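Structure, as structure tokens:
Just so it is clear, the model here is predicted, and its values are computed rather than measured. In what follows, every chain begins at residue 1, and chains take the letters A, B, ... in the order their sequences are listed.
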Amino acid sequence: MARNGVERAVDVRDLSLTFQTADGPVYALSQVNLEVKAGDFVSFIGPSGCGKTTLMRVIADLEQPTGGNITVNGVSPQEARLARAYGYVFQAPALYPWRSIERNVALPLEIMGLGREERRERARKYLELVNLTGFDKKYPWQLSGGMQQRASIARALCFDPDLLLMDEPFGALDEIVRDHLNEQLLQLWDKTGKTVVFVTHSIPEAVFLSTHIVVMSPRPGRIIDIIESPLPRERPLDIRESPEFLEVAQRVREGLRAGHSYDE
Amino acid sequence: MTSEVARIEPLPAAARPGLLSAFWQGRTGPVLVVALAMVALWYAGAVWLNSPWQYDVFQRQDVEWTTTDLVRETLNQDRPVLPAPHQVLAEMQKTILEVAPDSRRSLIYHSWVTLSSTLLGFAIGSLLGILLAVGIVYVKALEKSLMPWVIASQTIPILAIAPMVVVVLGSIGLRGLIPKAVISTYLSFFPVTIGMVKGLRSPDPLQLDLMRTYSASRWQTFWKLRWPSSVPFLFTSLKVGIAISLVGAIVGELPTGAQAGLGARLLAGSYYGQTVQIWSALFTAAFIAALLVALVSLVERLVLKRMGVKP
């Protein structure tokens, strides 16, 4: 499962990040320790302001930590970014409106300097993977929100990174579309064997998708519990009615509540 | 959804808009009414402004006159204060259609002289505007050092600058087209700089982060993100820029005693009290400006369509 012989996709030790603002320092992350093994599906869950997106952005080298150590695929986040080790899926699809869906998906390949034929071939392949075959010539505005987000997932996958970072990718979508995409994402993860780090604030989503659930709490942003899911890799939607599922969800909820009471 | 559910019943015949109401609810009706009102106002103004001179004429000739005579005469004076629309049209027809286009009496000849420096100045001004904007967006120091000058340049009246540009460039041997184009450039670079600074900064943070996750170079971020994002802003600026390029070219012809161009035509008209000539030159300039802006709009539509922008 692990590539390059690296067992740990992400290794975080005593990580802190403090933003200096006009109103004084904001402790976005404090003493965070986390280990993500290659092939894991790890979710960060917590209320707004708990630093889950910030932690993800530190992994992606979009924010700089002010303390502690972090490695991604065994190297620094910057080296990992320069090596194009991860694909990032944002809260919004962030498709470029002047590019067709195919050319949007091929954007990273274009930046990496692949030839036209290979770009087209790979874009088509990954559009098929997210069930968007036949939409390659359409422009983003011609697609629904869910389809746009699927296209952005194809874009993150098309250069075949080991690590997929997803920041509340389905947050803006309705429940039905969300269920559907969650199922597809699990199949994708199963098929490709990638490591996924996923940010959400939905308990059922976190429990349904993850092998490990990281419960976070705000002010200062920190990890209060890491739950290893007992659920099997193969998960139909109705696993959400099973006692094991409800038990994990209950533990997540308790964790969140404990973190919240610290606040009052 | 089946087609039976989705089918929309056609409107009953009575509810369909008639020809007359379509005329009023569409654009044709209002546009026509406004145009007619302006022409009527113009005629009324011509009668009013030209009548004092006409009273004198009647008095000197010692003739009986009626209101009909007054109206007819005020609208057909040789050197009216305000020429009537039909006089301007007749002059334009004569100087555009009837005179040979290479004659000094042809408005086509004068228009071409002005248009050539307009287009040259517009091209240089747009390029300069884009380059300045790129510099301002990419180099922090340039924003602080250059932007005040860019703005200050536009606070000086162009009528004050134009003669100096002509004199300075004339002293180094540049006459004719170039000084006028420089004045057009001076006016037209500004809206392009301002528009493009905004346009190049218009990508949202997520779109920029995305480029960073791919470790894209600055050059790639520019060509694949900032530049395409700025295209709608560019065209808005170009429409303003091309219209004021024409103004610049005309203004550039005024202080130089230029022999040719719409500006020269305006100046000659005012020397000799040829108001009809002035107005026909003015209208020709307005017509050319409208044509140029329409041309830029057409290119804009084609480009945005190619870029797949939602119609």
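Interface remark: of the candidates A:Ala156, A:Ala94, A:Pro108, A:Pro108 forms the most heavy-atom pairs closer than 4.5 Å to chain B. Of the listed residues B:Met211, B:Arg306, B:Met307, the one with more heavy-atom pairs under 4.5 angstrom with chain A than any other is B:Met307. Of the listed residues (B:Val309, B:Val231, B:Leu210, B:Leu206), the greatest number of heavy-atom pairs within a distance under 4.5 Å of chain A belongs to B:Leu210.
Of the residues listed (B:Ile242, B:Val240, B:Leu234), the one engaging B:Leu238 in a side-chain contact (heavy atoms from CB on, under 4.5 Å) is B:Leu234, and it is the only one.
Of the atoms belonging to B:Leu304, not a single heavy atom falls under 4.5 Å from chain A. In this structure, the portions of A:Ala92 lying under 4.5 Å from any heavy atom of chain B include both its backbone and its side chain. Looking at B:Gln220, the atoms closer than 4.5 Å to chain A (heavy atoms on both sides) all sit in the side chain, from C-beta outward. Heavy atoms of A:Leu165 lying under 4.5 Å from chain B are absent altogether. For chain A, no part of B:Ser217 is nearby; none of its heavy atoms comes within less than 4.5 Å.
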_Working note: A:Phe41 + A:Phe198, criterion ring-ring contact (aromatic ring centres under 6.0 Å, His included); need CA distance, chi angles, decisive distance, verdict._
CA-CA 7 Å; A:Phe41 195 126; A:Phe198 191 94; 5.7 Å; yes
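Contact check on A:Lys194 versus A:Asp162 returns no salt bridge, with no Lys/Arg side-chain nitrogen under 4.0 Å from an Asp/Glu carboxylate oxygen.
Seen from the ring of B:Tyr138, B:Arg226 counts as a face-on cation partner, given the 6.0 Å and 45° thresholds.
When all heavy atoms are compared, the tightest approach of B:Pro203 to B:Gly199 is CD-O, 3.9 Å.
Heavy-atom neighbours of B:Gln154 CD from other residues, nucleotides or ligands within 6.0 Å: above the threshold of 12.
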